[in-house]
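Note that the coordinates shown come from a computational prediction; the quantities given were computed from them, not determined experimentally.
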Amino acid sequence: LIRIRMTICSRAKMPNRRRAASLVEVTWGSVVLFFVVIILVDLGLLIYGVSLNDSVCRDAARKSASGSPVNAESRALSLIEQVNHRNSGMVSHFRLVPPVKTEITSQPKLRRNPENDQFVNPGGLVTGSVTVTTEVEITPFALQFVLGRNSALKFQSKQSFPISYVMPPD
């Protein structure tokens with residue numbers, strides 16, 4: 001009776017070859033799934049970095065256009081420095097690609113003061129546009145592993161914004 005029961009139980013169990021084949025399939029499936037997840041994380045990092053660079057560029061162009069065209073580049077640099085200090089990690093190395101292009105289409109013309117015969121700024125509206133280009137370097141860790149070196153991918157964004165400035169009179 002005991003032998004019959006052991007024979008029936010052993011036949012009901014999975015043979016060793018099938019168990020080993022299942023173990024190999026699960027192992028290979030896990031390895032493939034691991035690499036797919038790593039690649040998806042890297043793609044997510046790239047999409048996030050490019051989107052953040054576009055947003056930083058748009059904000060820098062907006063801030064550059066909101067004051068005197070003479071100080072446009074310094075305003076853009078200050079915003080980019082703030083963003084670099086606020087964000088740390090894999091997507092935090094934004095830089096301004098010089099120059100900040102300022103195109104002025106109209107501005108007040110200097111007028112001659114009849115009292116002292118010097119040119120005076122009468123003040124008025126300044127119109128035009130500011131174009132800012134930013135660049136970010138993103139280093140996905142799967143790419144580092146595959147290439148075997150620290151090679152960053154560079155992405156640029158270019159944004160233009162209209163100047164909104166009223167020049168004060170002298």
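Defined by atom type and a distance below 3.5 Å, a donor-acceptor pair is missing between the side-chain atoms of S160 and S129. No donor-acceptor contact under 3.5 angstrom links the side chains of D59 and Q159, judged on distance only.
Tracing side-chain contacts under 4.5 Å through hydrophobic residues (I, L, V, M, F, W, Y), one reaches V136 starting from L45; they form part of the same cluster. Residues Y165 and I104 share a single hydrophobic cluster, defined by chaining ILVMFWY side chains whose heavy atoms lie under 4.5 Å apart. Linking ILVMFWY side-chain heavy atoms closer than 4.5 Å, directly or via other members, places W28 and F34 in two distinct hydrophobic clusters. At a threshold of 4.5 Å between side-chain heavy atoms, the hydrophobic network of Ile, Leu, Val, Met, Phe, Trp and Tyr places M167 and V70 in two separate groups. Side-chain heavy atoms closer than 4.5 Å link hydrophobic residues (I, L, V, M, F, W, Y) into clusters, and following such links, even through other members, never connects I47 to I39.
Surrounding CD of Q156 are more than 12 heavy atoms belonging to other residues, nucleotides or ligands, all under 6.0 Å away.
Expressed to the nearest 0.5 Å, how far CD1 of I138 lies from CG of L46 amounts to 5.5 Å. Atom CG of residue D117 and atom CG of residue N113 lie 8.5 Å apart, to the nearest 0.5 angstrom. In this structure, the separation between OG1 on T131 and CD on E103 is 6.0 Å, given to the nearest 0.5 Å. Within the model, atoms CZ of F94 and CG of N84 stand 6.5 Å from one another, a figure rounded to the nearest 0.5 Å.
Taking each heavy atom of S64 and A76 in turn, the nearest pair found is OG-CB, 3.2 Å.
Judged by distance alone, the side chain of R75 and the main-chain N or O of K63 form a donor-acceptor pair under 3.5 Å. Between the S55 side chain and the S51 main chain, no donor and acceptor come within less than 3.5 Å of each other.
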What's the verdict on side chain to side chain donor-acceptor pair (under 3.5 Å) for S157 and N53, showing C-alpha distance, side-chain angles and the deciding distance?
CA-CA 7 Å; S157 180; N53 185 37; 4.9 Å; no
Could you give me the CA-CA distance, side-chain angles and deciding distance for K101 and K158, then say whether side chain to side chain contact (heavy atoms under 4.5 Å, CB included) is met?
CA-CA 11 Å; K101 296 177 185 165; K158 187 178 197 176; 4.1 Å; yes
